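All values reported here derive from a predicted model rather than from experimental measurement. Just so you know, residue 1 is the first one in the sequence shown, and it goes up from there. One-based numbering, in listed order, for ligands and for the atoms of each.
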Amino acid sequence: MKRREFISKAGATSLALGASLAIPSVAEAKAKYKWKMVTAWPKNFPGLGSGANLLAKMINEMSGGRIKVKVYGANELVPAFEVFDAVSKGTAQIGHAGAYYWRGKSEATQFFSAVPFGLTAQEMNAWLYYGGGMELWQELYAPFNLIPAAAGNSGVQMAGWFNREIKTVADLKGLKMRIPGLGGEVLRRAGGTTVNIPGGELFTSLQSGALDATEWVGPYNDLAFGFHKVAKYYYYPGWHEPGSTMEAMINKDAFNELPKDLQSIVLAACKAVNMDMLSDYTARNNQALNTLVDKHGVQLRALPNDVLKTLKQLSDEVVLELANKDPMARRIYDSFTKFRGEVSQWSALSEQAFLAARSL
Ligand code: CA
């Protein structure tokens with residue numbers, strides 16, 4: 001019996017088996033797809049841009065060249081902040097960015113990248129894949145003709161570079177800091193002034209004193225920008241971005257046009273890159289941290305507990321306000337908050353207890 005006959009016979013007796021096999025027909029196996037990937041990062045930017053490159057490479061290779069993805073850095077095809085619209089309209093078939101850039105489309109997008117005092121990378125993936133988060137994300141993006149997927153994670157970021165010591169909450173008053181998104185709103189409520197300027201201008205702004213502080217990502221990316229030359233103190237932890245998810249967004253028409261096996265390949269590649277980027281950041285952050293401290297004499301500082309407590313209270317207010325923006329934001333907030341409560345219990349007696357034990 002020929003293979004395809006067998007498949008179709010198996011399909012006739014067992015729909016579930018036939019559906020799960022996803023063997024392409026001859027026509028489907030011959031069809032070629034040319035995709036453009038637009039990204040919110042400079043081409044080949046460490047971690048983020050290299051993650052986008054890996055996603056394209058994996059789709060190319062896993063599909064045996066049936067899908068050819070060409071990667072465009074920010075401004076090559078469209079500017080960083082137009083990635084969402086470009087994929088939504090089909091100018092590009094796939095995009096790689098961070099969901100918090102799209103708060104202008106819906107405030108609720110921010111739940112799918114980073115929430116201050118929210119979820120770690122491990123917890124975020126648990127919410128997305130097994131806690132109902134992915135379904136809500138799909139529902140949120142559906143009106144824009146987009147299918148979202150988690151495709152990278154920075155892990156816990158650093159609180160940032162400061163030219164002023166932070167000993168009490170009063171030290172945040174009048175602090176001029178680059179910190180975007182929800183974290184920025186929290187800092188404003190704590191008395192700071194926030195400025196949102198592109199990464200490339202941060203160095204000179206710190207040098208000139210236009211900024212007292214900036215957050216960026218973590219040692220791996222921060223060392224590359226040379227912030228240690230223009231700021232005295234490097235503070236942790238990154239309360240505002242505890243595990244920032246990067247996203248792939250796929251144009252729904254382009255996705256639906258693919259045979260089932262290629263659809264699976266695209267989504268599996270996203271999942272692989274989601275894990276790969278976190279590993280990349282975890283390994284390289286540590287190497288870069290050693291360079292910053294041992295070679296450049298950077299002074300590491302922990303934010304005091306009282307400061308963190310205040311920031312946490314303010315964050316809870318800011319995130320709750322997000323929930324009141326619209327009914328969809330409320331549903332996502334409810335799911336996210338319930339999950340955080342439940343997973344915190346398990347994290348406390350698994351990761352947290354183990355890490356405490358390891359450092360005894
Ligand atoms: Ca950041």
Metal site angle (apex the Ca ion (ligand 1)), OE2 from Glu215 and OE1 from Gln157, 10 degrees: 150°

For the Ca ion (ligand 1): the N/O/S atom of Glu241 at shortest distance: OE2

Aromatic Phe45 / basic Lys43 pairing, under 6.0 angstrom, 45° off normal: no

Metal site the Ca ion (ligand 1): N/O/S of Ala114 inside 3.0 Å: no

Flag for Asn125-Tyr130: side-chain donor and acceptor within less than 3.5 Å: no

Hydrophobic cluster of Leu55, others only, ordered by chain and residue number, side-chain cut-off 4.5 Å: Tyr33, Trp35, Met37, Leu54, Met58, Ile59, Met62, Ile67, Val69, Val71, Ile94, Ile147, Ile250, Phe255, Leu258, Leu262, Ile265, Val266, Leu267, Val273

Of all pairs that satisfy salt bridge (Lys or Arg N to Asp or Glu O under 4.0 Å), the ones with a partner from residues 236-248, not counting sequence neighbours: none

